[in-house]
Amino acid sequence: MAETIGILGSGLIGRSWAMLFASAGYKVRLFDIEPQQVQGALREIEGQLRELEQSKLLRGKRSAREQLALISGTTSLQECVAGALLVQECTPEILDVKMKALRDLDAVVQPPTIISSSTSTHMPSILSKDLKNKSRFVVAHPVNPPYYVRLVEIVPAPHTEAWVPVKVRELMEGIGQVPVALQKEVAGFSLNRIQYVILNEVWRQVQDGILSVSDVDKVMSEGLGPRYAFLGALETAYLNAEGMLNYCDRYAETIYSVSQSMGPTPRMEGEAAKNVQKELCERIPMEKLQERRQWRDACLTRLAVLKKEVEALPNTGLKK
């Protein structure tokens, strides 16, 4: 009999998690307090699964119909969590909303069910500090959109039992995601800390009149991005020299010197924000945002397929 996963919240992230777990054969119970939200989410999931199947991009070995049969909806939190291996909280990224949802969940969940949050910004120690089940609490932060971008950050609180992040990592690998396990919590986790460094510097370059919005984005999409889609920053450096020590000998002083010239962290506000908005709107009108998001998701889907093919190639240079 298939193990059960509870999903708390029927928005985009909740629907994505439901599809991912169903693709690997888990029974999924999707919870929302509003019956119409539950029914709407199930209809949206059905449409997406059928579209993915038609385009031959459906994940897992089961058909869209078989995956859909594994997903049910409920307005009963107790039913959602009953006997679940894990309950994934996917409520809006508002601290008060998440805290209430987690308190409600804490009142009905039973050991050994794991409580996992999709939060991208809130520290696990804060979210779980008042929970009686806090020893089984962990953050599993997906990257939007999770169905197409496989990374998941697993972040324990100081009071999380050691087996919990290990089990969640195993679960994420089993559904085809790529987990990274932080050894301790830190503000912004890993992905956003790195993303913020990039955002700060591109903002500086636009604000200081070095590059236009369009051109600074090309530095990522046509320069760093293609390499980083397959290699991390450290492996890129490693391959760009005769190993990491050689890279450091060549470039460490320059990197340090340039970094010192970057100045204080800019604030993304005021006239600079208006100018960036104006340039982006000229290229992508606000009424076309959803169309552009769909194009982004299509690109990410095809990239995921390519990465899977590339990973299967022999002679990658990786140690077996």
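Numbers here are sequence positions counted from 1. Just so we're clear, the structure is a prediction, and the values are computed from it rather than from any experiment.
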For the pair [X] and [Y], find out whether any cationic side-chain nitrogen is under 4.0 Å from an anionic carboxylate oxygen.
X: Asp104; Y: Lys100; value: yes
X: Glu89; Y: Lys98; value: yes
X: Glu311; Y: Lys308; value: no
X: Arg302; Y: Asp297; value: no
X: Glu201; Y: Arg204; value: yes

Item to check | Steps toward salt bridge (Lys or Arg N to Asp or Glu O under 4.0 Å) verdict (Arg103, Asp106) | outcome: CA-CA 5 Å; Arg103 284 196 301 271; Asp106 189 49; over 6 Å; no

Any link between [X] and [Y] through a network of hydrophobic side chains (Ile, Leu, Val, Met, Phe, Trp, Tyr) touching at under 4.5 Å?
X: Val166; Y: Val164; value: no
X: Trp203; Y: Val219; value: yes
X: Leu224; Y: Phe230; value: no
X: Leu12; Y: Val28; value: no
X: Tyr148; Y: Trp295; value: no

So for atom [atom1], which belongs to [X], do other residues, nucleotides or ligands contribute more than 12 heavy atoms lying within a distance under 6.0 Å?
X: Lys132; atom1: NZ; value: yes
X: Gln195; atom1: CD; value: yes
X: Gln290; atom1: CD; value: yes
X: Arg267; atom1: CZ; value: no
X: Ile198; atom1: CD1; value: yes
X: Ile284; atom1: CD1; value: yes
X: Arg296; atom1: CZ; value: yes

Next on the checklist: Please determine whether salt bridge (Lys or Arg N to Asp or Glu O under 4.0 Å) holds for the pair Arg29 and Glu79, giving the CA-CA distance in whole Å, both sets of side-chain angles, and the decisive distance to 0.1 Å.
Outcome noted: CA-CA 8 Å; Arg29 300 192 196 109; Glu79 182 183 349; 5.2 Å; no

Sub-4.5 Å side-chain heavy-atom contact between [X] and [Y]:
X: Pro158; Y: Glu185; value: yes
X: Leu8; Y: Gln88; value: no
X: Leu171; Y: Leu85; value: yes
X: Thr113; Y: Val81; value: no
X: His122; Y: Glu93; value: yes
X: Glu153; Y: Val139; value: no
X: Ser118; Y: His141; value: no
X: Glu222; Y: Asp217; value: no

Tell me whether [X] contacts the main-chain N or O of [Y] through its side chain, where contact means a donor paired with an acceptor under 3.5 Å.
X: Lys218; Y: Gly223; result: no
X: Asp215; Y: Leu211; result: no
X: Asn133; Y: Ile115; result: no
X: Ser257; Y: Glu253; result: no
X: Thr160; Y: Phe137; result: yes
X: Glu66; Y: Ser63; result: yes
X: Arg59; Y: Tyr147; result: yes
X: Arg15; Y: Ser10; result: yes
X: Tyr238; Y: Leu245; result: no

Next on the checklist: Applying side-chain contact (heavy atoms from CB on, under 4.5 Å) to Met286 and Gln277, what does each step give before you reach the verdict?
Outcome noted: CA-CA 10 Å; Met286 293 289 286; Gln277 169 77 359; 3.6 Å; yes

Please report the interatomic distance [atom1]([X]) to [atom2]([Y]), rounded to the nearest 0.5 Å.
X: Ile5; Y: Leu86; atom1: CD1; atom2: CG; answer: 5.0 Å
X: Met262; Y: Ser259; atom1: CE; atom2: OG; answer: 4.5 Å
X: Arg283; Y: Ser212; atom1: CZ; atom2: OG; answer: 8.5 Å
X: Leu306; Y: Thr301; atom1: CG; atom2: OG1; answer: 12.5 Å
X: Ile33; Y: Thr74; atom1: CD1; atom2: OG1; answer: 12.5 Å
X: Thr75; Y: Glu34; atom1: OG1; atom2: CD; answer: 9.5 Å

Show the nearest heavy-atom pair for residues [X] and [Y], with the distance to one decimal.
X: Gly73; Y: Val38; value: CA-CG1, 3.4 Å
X: Ala24; Y: Ile175; value: CB-CG2, 3.6 Å
X: Glu279; Y: Val213; value: OE1-N, 3.1 Å
X: Ala241; Y: Asn246; value: CB-OD1, 3.3 Å
X: Leu58; Y: Ala64; value: CD2-N, 3.5 Å
X: Pro179; Y: Ile154; value: CB-CD1, 3.7 Å

Next on the checklist: Can a side-chain donor-acceptor contact be found between Glu173 and Gln177 if the only test is distance below 3.5 angstrom?
Outcome noted: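 Judged by distance alone, the side chains do not pair up.
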
Checklist entry - Does a donor on one side chain sit under 3.5 Å from an acceptor on the other, for Ser23 and Gln67? => result no

Checklist entry - Please walk me through it: do His159 and Ser125 pass side chain to side chain donor-acceptor pair (under 3.5 Å)? => result CA-CA 8 Å; His159 44 251; Ser125 58; over 6 Å; no

Checklist entry - Given Val138 and Lys167, is the side-chain contact (heavy atoms from CB on, under 4.5 Å) satisfied, shown in steps? => result CA-CA 11 Å; Val138 72; Lys167 180 62 178 178; over 6 Å; no

Checklist entry - Can you list the steps and then say if Ile45 with Leu68 is a side-chain contact (heavy atoms from CB on, under 4.5 Å)? => result CA-CA 8 Å; Ile45 288 170; Leu68 187 64; 4.1 Å; yes

Item to check | Full working for side-chain contact (heavy atoms from CB on, under 4.5 Å) between Leu105 and Leu131 | outcome: CA-CA 9 Å; Leu105 178 57; Leu131 304 182; over 6 Å; no

Next on the checklist: Applying ring pair (Phe, Tyr, Trp, His ring centres under 6.0 Å) as the test, list every pair that has at least one member in residues 17-44; sequence neighbours left out.
Outcome noted: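 Pairs touching residues 17-44 that pass the test: Trp17-Phe21, Phe21-Tyr26.
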
